[in-house]
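I have placed the structure first, in the form of structure tokens, so that the comments after it can refer back to it.
First the proteins, then the strands, lettered A, B, ... as listed; each starts at 1. Please read all numbers here as calculations on a predicted model, not as lab measurements.
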2 protein chains.
Amino acid sequence: MEDRKLTVRAVERALDILMCFTRNSELGLTEIAGQIHLHKSTVHRLMTTLEERGFVIRDAATEKYRLGLKVWELSTHLSKSDDPAVLLLPAMERLRDRLGETVSLYLRDGKDRLRIQAVQSNQAIRRVAQVGARLPLYVGASSKVLVAFATQEDQQELFQDPEWPDMSDPDAYLQMLEEIRERGYATSFEEREPGAAAVAVPIVNRSGVVAAALSVSGPVGRISTDTLHEFAPVLKEAAREMGMMI
Amino acid sequence: MEDRKLTVRAVERALDILMCFTRNSELGLTEIAGQIHLHKSTVHRLMTTLEERGFVIRDAATEKYRLGLKVWELSTHLSKSDDPAVLLLPAMERLRDRLGETVSLYLRDGKDRLRIQAVQSNQAIRRVAQVGARLPLYVGASSKVLVAFATQEDQQELFQDPEWPDMSDPDAYLQMLEEIRERGYATSFEEREPGAAAVAVPIVNRSGVVAAALSVSGPVGRISTDTLHEFAPVLKEAAREMGMMI
DNA sequence: CCTAATGTTTCACCACATGAAACATGGTTA
DNA sequence: TAACCATGTTTCATGTGGTGAAACATTAGG
């Protein structure tokens, strides 16, 4: 072992267990043990610890574990002041009112993107976006934006990741990213979700860094590829304003 | 050591570190080490682990730690469906509109209570209640309710806790709890906070268990002890309705 | 009744978490 | 400039305490 670990294994495991609950809201002991490949007795001890500290609770009925009050308590103490999710909410609502479609805000987080805020279209047929969803970086308009404006090294790291799908034509893909950087927005048409289309633009903060991606999405019945391109300038203007705030 | 620990010390410590951020949103290494009485090198390793997993981040400017994205992500996956905080919000808003004062919802959590929801009075002078605040169980109208309707064993455990203040007259205190159970509400007048008065009632869920405490509070200038008793029946009716929902 | 799948506890082993101490860094003072 | 102090970081010997196999307990289902 050349580069010595300076982390604590038991804690890593406990945190991994907590993150399991982003995929399933209720989990049994063996279920968790299966997901993180540990012996159930080990998981049992970790769960006892998490439960004792209130980070998970046991459902009285199902006997399964779910996230506890402490998680919620912690989240209320996240520093709200500089949190884009609350800071940009009003601007997102205005954009939704203007375009009439669902508006989402994404943050790059490692090899994924995270939908940190969303305001839903109020039309009868609409795309419903779930806040907190973790989505892949290799598909969708917002992904393209986040990848296109990432650093070279960052991109290389992503592409080399085993999770990243094999590119049939790497040059064409890089060409597309270049195009996105040039015109300042990306589109997607039934790419991640059938029946959904989206436009996304980067939000550049005052330091000149791409801090997030802003997208507008809706059903293909209402949004043609033409519509996407019509939306783009409106989005860009909104993103520019938002960038001033963060 | 007679009763063997079946918890994991390193994990307990890591979780304790996380909870430190409910008191301070930004913390340095030695600061944390001081709070949980550990050597800074130990804390350093734990923090590296927490950071690697995204549960804390380092502020670029101050070099201090703050809670990370993962905490927020986890919190969005708390099962919202049966969460009283969102379920009872509309009813709380109606109550606020009716009485014109700040309405709070408390949950018992171990030796404390937790304000899990609050809607503020919209009068100029008002009591501002912070959601997520952890408060003691030995003072305040809501505390009295939560203690009064706790089980005998629970009460004993609380009273024997070293944190619990010495009771000058235990019999009088028990007498007061009995009175609260009889009339179904508790009051406080400049008890926890100078200048604030409150009434609180229990919320009994469909299983007949006291699941939470509902309180209305405001400045003493507007709320006399008489007002508190006038509010009580309104609160009780609201709590009855809320109880049906959880 | 047996079987299978849960969760729980015990226990011997030795990996690995631990804290002291040394080191590095930046900021403040004289 | 040096001396100082308060941060954070890394190293390392020590033995505690985390680990997983296995045994046990419990429940549900066939």
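Looking at T22(B) and E73(A), their side chains never bring a donor and an acceptor atom within 3.5 Å of each other.
Residues satisfying the salt bridge (charged side-chain N to carboxylate O under 4.0 Å, His left out) test with E191(B), not counting sequence neighbours, are K144(B). With sequence neighbours excluded, no residue forms a salt bridge (charged side-chain N to carboxylate O under 4.0 Å, His left out) with E93(A). With sequence neighbours excluded, the residues satisfying side chain to side chain donor-acceptor pair (under 3.5 Å) with R53(B) are D16(A). Residues passing the salt bridge (charged side-chain N to carboxylate O under 4.0 Å, His left out) test with R58(A): none are found, sequence neighbours excluded. Scanning for side chain to side chain donor-acceptor pair (under 3.5 Å) contacts around T62(A) gives E26(A), with sequence neighbours left out.
Following rounding to the nearest Å, L6(B) (CG) and dG17(D) (P) show an atom-to-atom distance of 15 Å. Protein atom CE of M47(A) is 10 Å distant from nucleotide atom P of dT8(C), rounded to whole Å. Rounded to whole angstrom, the span from the CG atom of D59(A) across to the P atom of dG7(C) amounts to 13 Å. The distance from atom CD of E12(A) to atom P of dC16(C) is 11 Å, rounded to the nearest whole Å. Between K64(A) atom NZ and dT8(C) atom P there is a gap of 13 Å when expressed in whole angstrom units. L46(A) places its CG atom 15 Å from the P atom of dG7(C), with the value rounded to the nearest Å.
R113(A) forms a cation-pi arrangement with Y106(A), by the criterion of a distance under 6.0 Å to the ring centre and an angle within 45° of the ring axis.
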Restricting both atoms to N or O, compile the protein contacts to nucleotides 28-30 of chain D shorter than 3.5 Å, with distance only.
none

Each nucleotide N or O in nucleotides 20-26 of chain D that has a protein N or O under 3.5 Å away: list the pair and distance.
unit_1  : atom_1 : unit_2 : atom_2 : d
dG20(D) : OP2    : T42(A) : OG1    : 2.3
dG20(D) : N7     : S41(A) : OG     : 3.0
dG20(D) : N7     : R45(A) : NH2    : 3.2
dA21(D) : OP2    : H39(A) : NE2    : 3.4
dA21(D) : N6     : S41(A) : OG     : 3.3

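Side-chain N/O atoms of H44(B) include none lying less than 4.0 angstrom from OP1 or OP2 on dG8(D).
Here the CD-CD distance, from E153(B) to E157(B), works out to 9.0 Å after rounding to the nearest 0.5 Å. Atom-to-atom distance recorded for D112(B):CG and L107(B):CG is 12.0 Å, nearest 0.5 angstrom.
Residue pairs satisfying the salt bridge (Lys or Arg N to Asp or Glu O under 4.0 Å) criterion with at least one member in residues 31-42 of chain B, sequence neighbours excluded, are listed as follows: E31(B)-K64(B). Pairs engaging residues 132-166 of chain A under the ring pair (Phe, Tyr, Trp, His ring centres under 6.0 Å) rule: Y138(A)-W164(A), F159(A)-W164(A), F159(A)-Y173(A) [sequence neighbours left out]. Legend: side-chain hydrogen bond (donor to acceptor under 3.5 Å, both in side chains) pairs involving residues 42-51 of chain B, not counting sequence neighbours: none detected.
We find that E12(B) and R9(B) are not joined by a salt bridge, their nearest charged nitrogen and carboxylate oxygen being 4.0 Å or further apart.
T49(B) comes within contact range of no nucleotide atom at all, as no heavy-atom separation falls under 4.0 Å.
Nearest heavy atoms, A85(B) versus Q117(B): O-NE2, 2.6 Å.
Residues from residues 26-33 of chain A that place a heavy atom under 4.0 Å from any atom of DNA chain C, listed by number: G28(A), L29(A), T30(A).
Residues E63(A) and V8(A) each lie close to DNA chain C; by heavy-atom proximity, the contact nearer the 5' end of the strand is made by E63(A).
Inter-axis angle, ends of the helix from dC1(C)-dG30(D) to dA30(C)-dT1(D), five pairs per end, rounded to 10 degrees: 40°.
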